[in-house]
Number of protein chains: 2
Amino acid sequence: MFVTAYQSDAWALLGDASRRAIIEQLSLGPCTVADLAEDMPISRPAVSQHLKVLREAGIVRDEPRGRHRVYSLDGARLDRYRRELDQFWSDALGNLTPRTDEEQKEIG
Amino acid sequence: MFVTAYQSDAWALLGDASRRAIIEQLSLGPCTVADLAEDMPISRPAVSQHLKVLREAGIVRDEPRGRHRVYSLDGARLDRYRRELDQFWSDALGNLTPRTDEEQKEIG
DNA sequence: GCGACCTGTAAGCGGTAACTTACGTGTTCG
DNA sequence: CGAACACGTAAGTTACCGCTTACAGGTCGC
């Protein structure tokens with residue numbers, strides 16, 4: 001339920017608002033799980049589960065720091081996902097040519 | 001279930017692969033519902049429901065053509081949604097500064 | 001006008017993601 | 001060595017999204 005293949009679907013990965021909030025928070029600097037959960041309306045385990053998804057996607061890396069665990073962002077990987085989404089935009093908007101009403105009449 | 005407020009969540013709107021496929025197809029030119037459903041692995045009513053969502057979001061406009069109904073893309077609106085997603089990227093990647101391992105030691 | 005067409009909508013179902021609670025693991029400090 | 005802390009994971013629930021199968025509403029040809 002939470003472990004399915006996200007790595008191939010950047011949209012599903014970033015479609016969740018909680019995960020985007022985590023990413024934005026981590027963009028301000030490395031953070032622990034408890035710190036992340038403090039500013040969010042969900043429980044700490046929920047944050048941990050989201051971090052697992054982001055970690056498996058390579059967006060986030062974790063490092064043990066004593067009994068804490070510091071999470072940080074992988075900017076390069078994140079940028080790779082952005083490019084993956086940009087491919088859709090270039091496909092969708094790139095092909096788009098200004099259609100006049102005259103052109104549309106060809107269909108009917 | 002299908003009518004919820006998508007207009008405020010561009011991610012949910014574009015998160016669905018079928019909707020993105022419809023957008024890409026429409027970017028090649030105006031199309032009818034049957035034509036769209038022909039190239040997709042889902043039924044025609046399903047396409048119609050997706051079109052309703054896209055229409056309420058303003059991305060798509062429909063026009064009666066006899067007993068057909070021609071759908072076309074609103075490039076400006078679509079570009080507006082792209083900018084909405086770009087805001088997340090500028091927030092996430094914009095704040096991102098190269099973190100060295102030394103900086104991360106401040107946390108522990 | 002009647003039947004064939006294209007389409008939108010209603011009702012309902014199945015799958016799955018996201019969340020919570022409960023528990024297990026490893027680390028630090030007394 | 002034992003208690004407290006930070007975290008990950010398991011199990012289970014809930015909610016919602018997307019889909020299909022019907023059915024209703026207009027539009028064109030005979």
Side-chain angles (χ1 to χ4, degrees), chain A residues 1-23 25-26 30-57 60-72 104-105 107-108, chain B residues 1-23 25-26 30-57 59-72 104 107-108:
Chain A
M1 65 272 268
F2 223 115
V3 74
T4 34
Y6 276 109
Q7 68 272 9
S8 64
D9 194 347
W11 287 98
L13 220 173
L14 298 166
D16 186 74
S18 299
R19 281 196 283 269
R20 291 198 303 274
I22 290 175
I23 291 174
Q25 186 73 19
L26 284 179
C31 222
T32 68
V33 180
D35 290 338
L36 286 170
E38 197 174 358
D39 297 334
M40 294 183 65
I42 60 178
S43 70
R44 182 194 52 74
V47 175
S48 213
Q49 288 167 347
H50 283 301
L51 285 171
K52 180 182 182 182
V53 174
L54 294 173
R55 180 180 42 201
E56 288 176 348
V60 152
R61 45 174 183 254
D62 60 326
E63 189 178 0
R65 215 39 137 228
R67 54 179 168 178
H68 296 272
R69 184 168 281 265
V70 178
Y71 281 87
S72 57
Q104 288 181 17
K105 279 179 185 163
I107 304 296
Chain B
M1 64 271 271
F2 224 114
V3 72
T4 34
Y6 277 107
Q7 68 272 8
S8 64
D9 195 346
W11 288 96
L13 220 172
L14 298 166
D16 185 74
S18 298
R19 281 195 284 269
R20 291 198 304 273
I22 290 175
I23 291 174
Q25 187 71 20
L26 284 179
C31 222
T32 68
V33 180
D35 290 337
L36 286 170
E38 198 175 358
D39 296 335
M40 294 182 65
I42 61 178
S43 69
R44 183 195 51 74
V47 175
S48 210
Q49 288 167 346
H50 283 302
L51 285 171
K52 180 181 182 181
V53 174
L54 294 173
R55 182 179 42 200
E56 288 176 349
I59 293 181
V60 153
R61 43 172 185 258
D62 60 326
E63 190 178 358
R65 210 54 128 220
R67 53 180 169 176
H68 297 273
R69 184 168 281 265
V70 177
Y71 281 87
S72 58
Q104 288 181 15
I107 304 295

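Quick caveat: nothing in here was measured; it's all calculated off a predicted structure. For the numbers below, each heavy atom of this structure counts, side chains included, while hydrogens, waters and symmetry mates do not. Convention: sequence-line order gives letters A, B, ...; per-chain numbering from 1.
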message: At less than 4.0 Å, is any side-chain N or O atom of A:S48 found next to OP1 or OP2 of C:dC19? Yes or no.
response: no
- prompt: Just wondering, do A:Y71 and A:E63 contact through their side chains at under 4.5 Å, heavy atoms?
  reply: no
- prompt: Rounded to whole angstrom units, what separation is found between the CD atom of B:Q49 and the P atom of D:dT21?
  reply: 13 Å
- prompt: A:L14 CG to C:dA18 P: how many Å, rounded?
  reply: 11 Å
- request: Could you check how far NE2 of A:H68 sits from C1' of D:dA4, rounded to whole Å?
  value: 12 Å
message: What I want to check is whether an N or O donor and acceptor connect the side chain of A:R69 with the base of C:dG26 at under 3.5 Å.
response: no
- prompt: DNA chain D: A:R55 or B:I42, which has the more 5' nearest nucleotide?
  reply: A:R55
- line: Between A:R67 and A:R44, whichever has its closest DNA chain C nucleotide further toward 5' is A:R44
task: For A:L14 and A:R20, work out which heavy atoms get closest and say how close.
output: O-NH1, 2.8 Å
- request: Answer yes or no: does a side-chain N or O of B:S18 lie under 4.0 Å from OP1 or OP2 of D:dG18?
  value: no
task: Let me know the distance between CH2 of B:W11 and C1' of D:dC17, rounded to the nearest Å.
output: 19 Å
- prompt: If you round to the nearest 0.5 Å, how far is SG of A:C31 from CG of A:L51?
  reply: 9.5 Å
- prompt: Does a side-chain N or O from B:R19 land closer than 4.0 Å to OP1 or OP2 of D:dG18, or not?
  reply: yes
task: Could you tell me whether the phosphate oxygens of C:dC6, OP1 or OP2, come under 4.0 Å of any side-chain nitrogen or oxygen in B:Y71?
output: no
- request: Return the value, rounded to whole Å, for the distance between atom CD of B:E56 and atom P of D:dC17.
  value: 13 Å
Value rounded to 0.5 Å, distance of CZ in B:R65 from OG1 in B:T32: 12.0 Å
query: Atom CG in B:D62, atom NE2 in B:H68: separation rounded to 0.5 Å?
result: 15.0 Å
message: On the nucleotide C:dC6, are OP1 or OP2 found under 4.0 Å from the side-chain N or O atoms that B:T32 carries?
response: no
query: For B:R20 and D:dG18, what is the distance between atoms CZ and C1' respectively, to the nearest whole Å?
result: 14 Å
field: Which residue lies more 5' along DNA chain C, comparing A:G15 with A:P45 via nearest heavy atoms
entry: A:G15
message: Whole angstroms only, please: what is the NE2-P distance between B:H50 and D:dT20?
response: 9 Å
- line: Rounded to whole Å, the CG-P distance (B:D62 to D:dG26) equals 15 Å
- prompt: So, is B:S43 close to the D:dC19 phosphate, meaning a side-chain N or O under 4.0 Å from OP1 or OP2?
  reply: no
